[in-house]
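Quick note: residue numbers are just sequence positions, from 1. The analysis underlying the following values was restricted to heavy atoms, covering all of them including side chains, and did not include hydrogens, waters or symmetry mates.
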Amino acid sequence: TMLFEAQQLVERTKVSLSEQAAFDTALATPVDARGSIPVVDGPDLTSRVRVSVDPGLPTARLLSIIVDVWHDSNRDSQLDANETSEPLRTQWASP
């Protein structure tokens with residue numbers, strides 16, 4: 001479930017960055033958003049989506065997308081080492 005939800009967040013983020021204005025805004029201002037994901041047959045999950053200029057290629061129009069989805073057992077909205085999680089990382093180029 002966590003991997004599926006992380007993949008969905010990556011895809012939704014890519015779609016939102018497909019518009020030139022949104023991509024340019026993400027280049028200028030990094031995104032760091034947290035959210036809750038309701039799960040029908042288990043505890044709710046917590047998500048974090050980060051979008052920023054790729055540090056390896058700062059002059060290229062390339063964004064890094066980092067998504068973490070985890071079971072926040074202590075409900076502090078922080079991904080702790082002992083919490084089960086699924087991280088996904090990818091890059092997205094200018095449309």
Next on the checklist: Between D80 (side chain only) and N82 (backbone N and O only), is there a donor and an acceptor less than 3.5 Å apart?
Outcome noted: no
Checklist entry - Under a 4.5 Å side-chain heavy-atom rule over Ile, Leu, Val, Met, Phe, Trp and Tyr, are L17 and V53 clustered together? => result yes
Checklist outcome for this item: CZ of R61 to CG of D54, rounded to nearest 0.5 Å, is 14.0 Å
Next on the checklist: Distance check, rounded to the nearest 0.5 Å: Q7 atom CD versus T90 atom OG1?
Outcome noted: 11.5 Å
Checklist outcome for this item: Rounded to the nearest 0.5 Å, the CD atom of E86 sits from the CD atom of E5 at a distance of 11.5 Å
Item to check | Expected output: side-chain D24 to main-chain A28 donor-acceptor under 3.5 Å | outcome: no
Item to check | All pairs passing side-chain hydrogen bond (donor to acceptor under 3.5 Å, both in side chains) where residues 38-49 contributes a residue, at least two apart | outcome: D32-R48
Checklist entry - Quick one: does L45's side chain get under 4.5 Å of H71's, heavy atoms only? => result yes
Next on the checklist: For a quick test of reading the model, state the closest non-hydrogen atom pair linking M2 to W70 and the distance between them.
Outcome noted: SD-CA, 3.8 Å
Checklist outcome for this item: Of all heavy-atom pairs linking F23 and W92, the shortest is CE1-O, 3.6 Å
Checklist entry - Step by step, would you call T13 with V31 a side-chain contact (heavy atoms from CB on, under 4.5 Å)? => result CA-CA 11 Å; T13 302; V31 173; over 6 Å; no
Checklist entry - Do V49 and R12 have side chains that get closer than 4.5 Å, going by heavy atoms? => result no
Checklist entry - Which atom names give the shortest non-hydrogen contact between A26 and V51, and what distance separates them? => result CB-CG1, 4.1 Å
Checklist entry - Hey, mind stepping through D72 and N74 against side-chain contact (heavy atoms from CB on, under 4.5 Å) and telling me if it holds? => result CA-CA 6 Å; D72 192 12; N74 61 358; 3.0 Å; yes
Checklist entry - Which heavy atom in S16 sits nearest to a heavy atom in A22, and how many Å separate them? => result O-CB, 3.2 Å
Checklist entry - Honestly curious: do L9 and L88 fall in one hydrophobic cluster under the side-chain, below-4.5 Å linking rule? => result yes
Item to check | Between CD1 on residue I37 and CD on residue Q8, distance to nearest 0.5 Å | outcome: 10.0 Å
Checklist entry - Just wondering, are more than 12 heavy atoms of other shown residues or ligands nearer than 6.0 Å to CD in E19? => result no
Checklist entry - After noting the C-alpha distance and the side-chain angles of L63 and R50, does the key distance pass the side-chain contact (heavy atoms from CB on, under 4.5 Å) rule? => result CA-CA 10 Å; L63 293 172; R50 291 171 281 170; over 6 Å; no
Item to check | CG on L3 to OG on S85, rounded to 0.5 Å | outcome: 11.0 Å
Checklist entry - So how far is it from E11 CD to I65 CD1, rounded to the nearest 0.5 Å? => result 8.5 Å
Next on the checklist: Count I, L, V, M, F, W, Y as connected when their side-chain heavy atoms are under 4.5 Å apart, and connections chain through other members. Are L79 and V39 then in the same cluster?
Outcome noted: no
